[in-house]
Structures are given as C-alpha cells and as structure tokens.
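I have placed the structure first, in the form of structure tokens, so that the comments after it can refer back to it.
All residue numbers refer to positions in the sequence shown, counting from 1. Since the model is a prediction, treat every value here as computed from it, not as a measurement.
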Amino acid sequence: MSSFGTTAIINKAAPGFEHCTMNTLQKTCKVPWPIQLSIVCIFFGAFYPIYGITIPAIGKLTGYRIGLIGLLFLTSVYSQQISYCIRRRIFLFVLLLIILRGLSLFLSTGIGFSVGIRMLEWFIESSMASFLVACTILKFPLLLRLILKLITYLGGAGILIFAVQTIQFNMTGTVTALPFSMGRLGVYGLNETADFFLYPIGPGWRIIGAFLESNVAGSFIIMMSVFGLALFAHNKMSLKKYLGLLIFFLSLIALWGNGSRQSLVFIFLGVLVLLMTEIHYQQQIGRFLKITFVIFVGLLILSSALQVYYDSHSILEKSGHGSLGYRISSMISNDEVSTLGHRSERYFDLFHYLGVKTLFLGEGEGFGHNSPQTGGVRLVSCHNGYLIVLLENGGLACLLLLSFCYVLLTNIWSLPAQLFPGYQNEILLFRSVLPSWVVLWCAYIFLNWTQLNMNLCWAFVSIAIACILKKQMLLSARSSSTRQHNLG
C-alpha cells in the first residue's frame, strides 16, 4: 500500500470528504461562493487591518471579523470537518488556553481588566478563524488554490505598498496614506486617541503600510519574504517565478523602512528553515542553489546598506527616524544589543512577580499593562508572549501555549505531495514554506507578545493547521486499515 495513497484510506479518514477528494482529480469540486468570500475577507483583513468600519461601543468591524462571521454562519456546510477538528489536541490546547485566559480576567483590575478583555477578544477571533479556515480547506481543498492567489497577489501588493512608502519617505520625508484609510473605512475616530501615532507613519517614524502596529507589520514582511523565495523556487512559469523574486527583494526594502530589529534576525531564521526544508524533501540541487544564491545576494545588499548607514550617519543626525539602519545603529551605539533593546531588563522585573500564586493562577489577564516597573515601563514591554502568559494566566496556560507550538513544530514536516489529491503543485509549495512560517510564529511570540493575539500570523498558521489535521487523518486511517488487514 502506497503511503497515504489509496481511495479507501481517504474515504475512511474523512466520511463525507469523498466528494472533495477523489472528484477533485477532475477539478469538479465547487466551493460555495459565501465561503470563498469569507476566506477572501479573512486574508484581506489580516493583510490590510487598517480598513474596517468603526462601530461605537463595539469596535472596528474589520475584514477578518466579517470573514469569521461568515464562516460561523456557514458551519453546517462543513460540520463534519469541525467535528473532527474539535476532537484533536491541537484544537483542545487552544480551547483550554482561551478558558484559562478568560478565568484569569476575574483576577484583573483597573486598566489591566479593560486591556485584558481586548487581548482575549483578539486571541479568540484570531485563533478560531484560523481553525475554521483549516476546516473549510479540509472540506474544499480547492481553497488551497484561492489562498495561494490571495497570498501571492494581496500579500504581494502589501509588500509593494511598504516598499513604495519607504522610497517615498526617504526621498520626500512624507508618506501617502492608503486610499480611504483616513476616513470612515480606516482610522476614523482612532487618530485622536492618546496612544495613536500619526498614521500612516508608525511609532518612531516607522513605515507600517496597511497595519497599525509596526512589529506586526514587520512579521508580515518576513512571512512574505520567505514565501517569495518559495514561489520563486517552485514555479517554472516565468511570471510567478519572477513575481516571487520581486516579492523577496521588495520585502528587503520594506524591512528597511519598517525598522523591525527582530525581523532582521528572523529573516535569517526563516530562510534557514526554508533551506532545511528543501534538503529534507530532497529537492533538486538546482532549486536549492537558486534559493541560496538569491538569499546570498539579498542579504549581501541588506548588510552592505546597514554598514554604509552605520559608517556615514550619526545618531543625532537622524534622531526620530525609524528606519532599520537608524535603529540598528542606535542599538549598537547605546550598547543595547546584549539587553535585546532593554527587553531583558523587563524579564528580570517580571521574574520578581513569579511565585506559587502566579505560577498556579497568574496575576490576571492584562496585568502586564497595569504594573509599571523599572523607569515606569510596564512589564508587557518585555515583549515575550510566553512569559506574559505565564505571569498573567499561570503555569498551566503557559504549558498549553508551549504544547500547541510543539504540536505545530513536530507535525508540519514530512507532508506527502498527495496530501490533497489533485492539488500536488499547491502542496509542494506550501510544504516548503509552512515549516518556516510555523517556526517564525513561535519565535515571534518570544520577542513580540502581540503576535499571539493579532490576526496576521494566524492567517498563515491556518494553512499549517489544515495540513496537520489532514496528515493526522490519513495516518489514523492507514493505522486502522493495517489493523483490519492483520485481523483478516
């Protein structure tokens, strides 16, 4: 019996899936248009969170939330896939984490309580939409093709926006806001609040594109840079091949303007995992060499630009400038490298709170925003999502988060090319880039706690969850088939 390869295994693995597995070999599986529209809304909302309708007393109705609402109304269409998903530990870890974070709100007070409600709300909508997208992919594998187009063109356009804004800012000192983003469909009503900083420039004069938070924007840039390399390597069509190459090099320009120091580290991590994945799947040596050459040229250009900037600019000369060159130069000159930009100091502040009560119950969701420490800086400024969950929600919650990451990291490898019959080309590309996305998301939580709650990375993770669920489904069916054969 070939690995994952028989009709019997597929049918046993997923009752009700037959229509959208074997028939897709003839490309006849149709996805209901409301589900397609919901998926488009989710990815548009993840890549362009600036857009949305602000509703008083409710908040901002973003594309991500509209897509989530759509998928919730359509659950009857893919109820069997949801039923399978909720019995898997990858879902149960997240569900239990939501429950514990919700219970810890009873320990919160003051600003910590109001912030905690918002953080929990974001986490629920981000994670649940990710699982629902995964379930729709299980039901309708044709969505893999749609999602690939959305990442390529919607995501690629987002990178282009970053690059254009970076060039514009360096040439003119100003940045043009995105169309409609300054009205009722964008930041209307937000730009007057105390913690909002002059969109379309992020805090510290950093390019943020269609985002509202500069480090989340940096995560998007790195996720897309790795995707660009995979798109370049896995396409023989000249248009898509060079589109992937363009996305990668534009992402380097975007990273310069965004100024995310952690993303500079993670671009090395992402491409390293991509190369390891290519070796793992024993891809053609020519493909490996192409990726290596492009990476070498790109990083050589970036490192040269950083060196030139550091050698030719004083800190005072560019004070207030948020480019990567300025921020790295400032970090080195102020001897902040060893302290991770002072974040390690917040680690020690946070450790002072850890005790039996904290490890068991936590201090309450949002507590990190309610506790000024060294120099009046809040504990949440440590940026470490794992430590913040440990502090606010307790040891069990932190263990659940680590367990979820462990399941992702250990199951995203060795995906068969025929995981979704009829969609081998999409799987060949996704299985090369998914390990990088998963590793990057887990790493980003270590240096930027917002990635745990924000929509962006969960959109990428949804594809990984779908592939892991399908892989487990087929492994379980193969094991059952083997047992029946032995009994026979």
* For Gln472, does its backbone N or O pair with a side-chain atom of Ser476 as donor and acceptor, under 3.5 Å? -> no
* **Note, Glu213 side chain near Ile208 side chain (heavy atom, < 4.5 Å)** => no
* To the nearest 0.5 angstrom, please state how far the CZ atom of Phe93 sits from the CG atom of Leu402. => 10.5 Å
* To do: Check the pair Phe131 / Val94 against side-chain contact (heavy atoms from CB on, under 4.5 Å), numbers first and verdict last.
  => CA-CA 10 Å; Phe131 276 100; Val94 174; 3.9 Å; yes
Distance-only donor-acceptor hits, side chain of residues 435-447, under 3.5 Å, sequence neighbours excluded:
{"residue": "Ser436", "atom": "OG", "partner": "Gly270", "partner atom": "O", "Å": "2.9"}
{"residue": "Ser436", "atom": "OG", "partner": "Leu274", "partner atom": "N", "Å": "3.1"}
{"residue": "Trp437", "atom": "NE1", "partner": "Met223", "partner atom": "O", "Å": "3.1"}
{"residue": "Trp441", "atom": "NE1", "partner": "Gln451", "partner atom": "O", "Å": "3.3"}
{"residue": "Tyr444", "atom": "OH", "partner": "Ser263", "partner atom": "OG", "Å": "2.7"}

* **Donor-acceptor pair between Thr136 and Gln81 side chains, under 3.5 angstrom** => no
* Are side-chain N/O atoms of Arg118 and Ser114 paired as donor and acceptor at under 3.5 Å? -> no
* Step by step, would you call Phe460 with Phe47 a ring-ring contact (aromatic ring centres under 6.0 Å, His included)? -> CA-CA 10 Å; Phe460 292 104; Phe47 296 165; 5.6 Å; yes
* Between the main-chain N or O of Val407 and the side-chain N or O of Asn411, is there a donor-acceptor pair closer than 3.5 Å? -> yes
* Asked: What's the verdict on side-chain contact (heavy atoms from CB on, under 4.5 Å) for Leu400 and Val389, showing C-alpha distance, side-chain angles and the deciding distance?
  -> CA-CA 10 Å; Leu400 288 169; Val389 169; over 6 Å; no
* **Close side-chain approach of Leu434 to Cys467, heavy-atom, < 4.5 Å** => yes
* For the rings on Phe91 and Tyr84, is their centre-to-centre separation under 6.0 Å? -> no
* Quick check: does any side chain N or O of Arg65 sit under 3.5 Å from a backbone N or O of Lys60, one acting as donor and the other as acceptor? -> yes
* Structure fact -> Rounded to the nearest 0.5 Å, the CD1 atom of Ile412 sits from the CD1 atom of Ile465 at a distance of 9.5 Å
* **Side-chain touch Tyr64/Leu456, heavy atoms, less than 4.5 angstrom** => no
* Structure fact -> In this structure, CG of Leu96 is separated from CG of Leu401 (nearest 0.5 Å) by 12.5 Å
Side-chain donor-acceptor distances from residues 31-44 under 3.5 Å, at least two apart:
{"residue": "Gln36", "atom": "NE2", "partner": "Val31", "partner atom": "O", "Å": "2.8"}
{"residue": "Ser38", "atom": "OG", "partner": "Pro34", "partner atom": "O", "Å": "2.9"}

* Asked: Do Ile98 and Met128 have side-chain heavy atoms sitting under 4.5 Å apart?
  -> yes
* Structure fact -> Tightest non-hydrogen contact, residues Gln418 and Gly422, listed as OE1-N, 4.2 Å
* Under a 4.5 Å cut-off applied to non-hydrogen side-chain atoms, are Ile221 and Ile267 in contact? -> no
* Under 3.5 Å donor-acceptor, Ser462 side chain and Ser130 backbone -> no
* Passes side-chain contact (heavy atoms from CB on, under 4.5 Å), Tyr48 versus Thr62? Steps please. -> CA-CA 9 Å; Tyr48 299 84; Thr62 62; over 6 Å; no
* For the student: nearest non-hydrogen atoms of Ser432 and Glu278, plus distance -> OG-OE2, 3.0 Å
* Asked: So do the side chains of Leu185 and Ile50 get within less than 4.5 Å of each other, counting heavy atoms only?
  -> no
* Could you grab the distance from atom CG of Leu144 to atom CD1 of Ile137, nearest 0.5 Å is fine? => 5.0 Å
* side-chain contact (heavy atoms from CB on, under 4.5 Å) between Met276 and Ile279, worked out -> CA-CA 5 Å; Met276 290 173 57; Ile279 295 173; 5.7 Å; no
* Asked: What's the shortest heavy-atom distance between Cys135 and Cys85, and which atoms?
  -> SG-CB, 3.6 Å
* From Asn453 CG over to Ile124 CD1, what is the distance, rounded to the nearest 0.5 angstrom? -> 10.0 Å
* Asked: So, do Val133 and Ile147 sit near enough that their side-chain heavy atoms are less than 4.5 Å apart?
  -> yes
* State, with a plain yes or no, whether a side-chain heavy atom of Phe420 is found less than 4.5 Å away from one of Glu426. => no
* Asked: In Å, rounded to the nearest 0.5 Å, how long is the span from CG of Leu415 to OH of Tyr281?
  -> 4.0 Å
* Between Asn258 (side chain) and Ser214 (backbone), is there a donor-acceptor pair under 3.5 Å? -> yes
* At their closest point, which heavy atom of Phe220 faces which heavy atom of Gly155, and how far apart are they? -> CZ-O, 3.4 Å
* Asked: With no hydrogens and no angle check, is any side-chain donor or acceptor of Ser225 less than 3.5 Å from a backbone partner on Ile222?
  -> yes
* **Over all atoms of both residues, closest heavy-atom pair of Met473 and Leu138** => CE-CD1, 4.2 Å
* **Shortest non-hydrogen separation from Ser126 to Trp458 and the atoms involved** => CB-CD1, 3.4 Å
* Asked: Short question: side chain of Lys471, backbone of Trp413 - any donor-acceptor pair under 3.5 Å?
  -> yes
